[in-house]
Amino acid sequence: HYLSACAMMYAATGDTKFKERVGYMVSELKACQAARPDGRLTAFPDADRIFGEISQGEIRSQGFDLNGSWVPWYTVHKVLAGLLDAHQWCQSADALTIAAHLSDWAITVTKNLDDEKWQRMLACEFGGMNESLAELSQRTGEQKYLALARKFDHKAIQDPLGRGDG
């Protein structure tokens, strides 16, 4: 939220202190991402275990809990959305690169999930991962991000809406 807010404040006001803050935050996120071989950027403890279990198809999901963590995909989404905002409003090429690496990691983590496991995982709040991934696909021209975005479509919500049952 903070990275998005700073980027949008720069766009709204032109005050360079917000753009400088975005630049600083993006450079720190870049350093954090570079310190990991897999490209992951997460802002909560025990992420290695949680996403390790998910990558193995072990899904325990309900409400706001996924494998014992409070909304891990929602948290990833906020980082991804902030990076996209930094790219859009502050013209940060690094932000787009970091977002792509983060999304490549998400592709790797979820590549072994079948549709049933995906849908079970989506019972936990996942934010707007599908929207941000579709936006990333549009900006980069990479269809792999659109394919991942579609996997984040929560059928329990979207199918009834598509039928007009909302």
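Numbering starts at 1 and runs along the sequence shown.
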- Dump the intermediate steps for side-chain contact (heavy atoms from CB on, under 4.5 Å) on Leu136 and Leu146, then the final yes or no. CA-CA 8 Å; Leu136 180 64; Leu146 184 57; over 6 Å; no
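By the 30° and 60° cut-offs, the orientation of the rings of Phe51 relative to Phe44 is tilted.
Without hydrogens or angle criteria, Ser137 side chain to Leu133 main chain gives no donor-acceptor distance under 3.5 Å. Judged purely by atom type and a 3.5 angstrom limit, Arg120 uses its side chain to pair as donor or acceptor with the backbone of Ile59. In terms of modelled atom types and a separation under 3.5 Å, the side chain of Ser69 and the main chain of Leu66 share no donor-acceptor contact. For the pair Gln119 (side chain) and Lys155 (backbone), a donor-acceptor distance under 3.5 Å is present. Side-chain atoms of His87 never come within 3.5 Å of backbone atoms of Ala95 as a donor-acceptor pair (strictly under, hydrogens ignored). Using a distance-only test at 3.5 Å, with no hydrogens or angles considered, no donor-acceptor pair links the side chain of Ser92 to the main chain of Ala86. Between the Asn112 side chain and the Gly57 main chain, no donor and acceptor come within less than 3.5 Å of each other. For the pair Ser4 (side chain) and His1 (backbone), a donor-acceptor distance under 3.5 Å is absent.
When the side chains of ILVMFWY residues are joined at heavy-atom separations under 4.5 Å, either directly or via intervening members, Val22 and Tyr2 end up in a single hydrophobic cluster. Grouping the Ile, Leu, Val, Met, Phe, Trp and Tyr side chains by contacts below 4.5 angstrom, directly or via other members, places Trp89 apart from Val79. Linking ILVMFWY side-chain heavy atoms closer than 4.5 Å, directly or via other members, places Trp118 and Val109 in a single hydrophobic cluster.
Checking each of Lys111, Lys144, Arg40 against Asp104 for a salt bridge (Lys or Arg N to Asp or Glu O under 4.0 Å) leaves exactly one that passes, namely Lys144.
Ring centers of Phe152 and Trp73: under 6.0 Å apart, within the cut-off.
Comment: Arg21 does not engage Asp15 in a salt bridge, judged by the lack of any side-chain N to carboxylate O separation of less than 4.0 angstrom. Between Arg60 and Asp65 no salt bridge is recorded (no basic side-chain N to carboxylate O distance below 4.0 Å).
With rounding to the nearest 0.5 angstrom, the CE atom of Met9 is 8.0 Å from the NZ atom of Lys17. Atoms CE and CG, from Met25 and Leu83 in turn, are 9.0 Å apart once rounded to the nearest 0.5 Å. Between the CD1 atom in Ile98 and the NZ atom in Lys30 there is a gap of 6.5 Å [rounded to 0.5 Å]. The line from CG of Leu113 to CD1 of Ile54 is 7.5 Å long, rounded to the nearest 0.5 Å. Here the straight-line distance linking atom OG1 of Thr75 with atom CG of Leu80 works out to 12.5 Å at 0.5 Å rounding. The distance from atom CH2 of Trp105 to atom OG1 of Thr42, rounded to the nearest 0.5 Å, is 6.5 Å.
Within a 6.0 Å sphere centred on CZ of Arg150, other residues, nucleotides and ligands contribute 12 heavy atoms or fewer. Residue-environment remark: CD (Glu28) exceeds the threshold of 12 foreign heavy atoms within 6.0 Å.
Residues satisfying the ring pair (Phe, Tyr, Trp, His ring centres under 6.0 Å) criterion with Phe64, sequence neighbours excluded, are Trp70.
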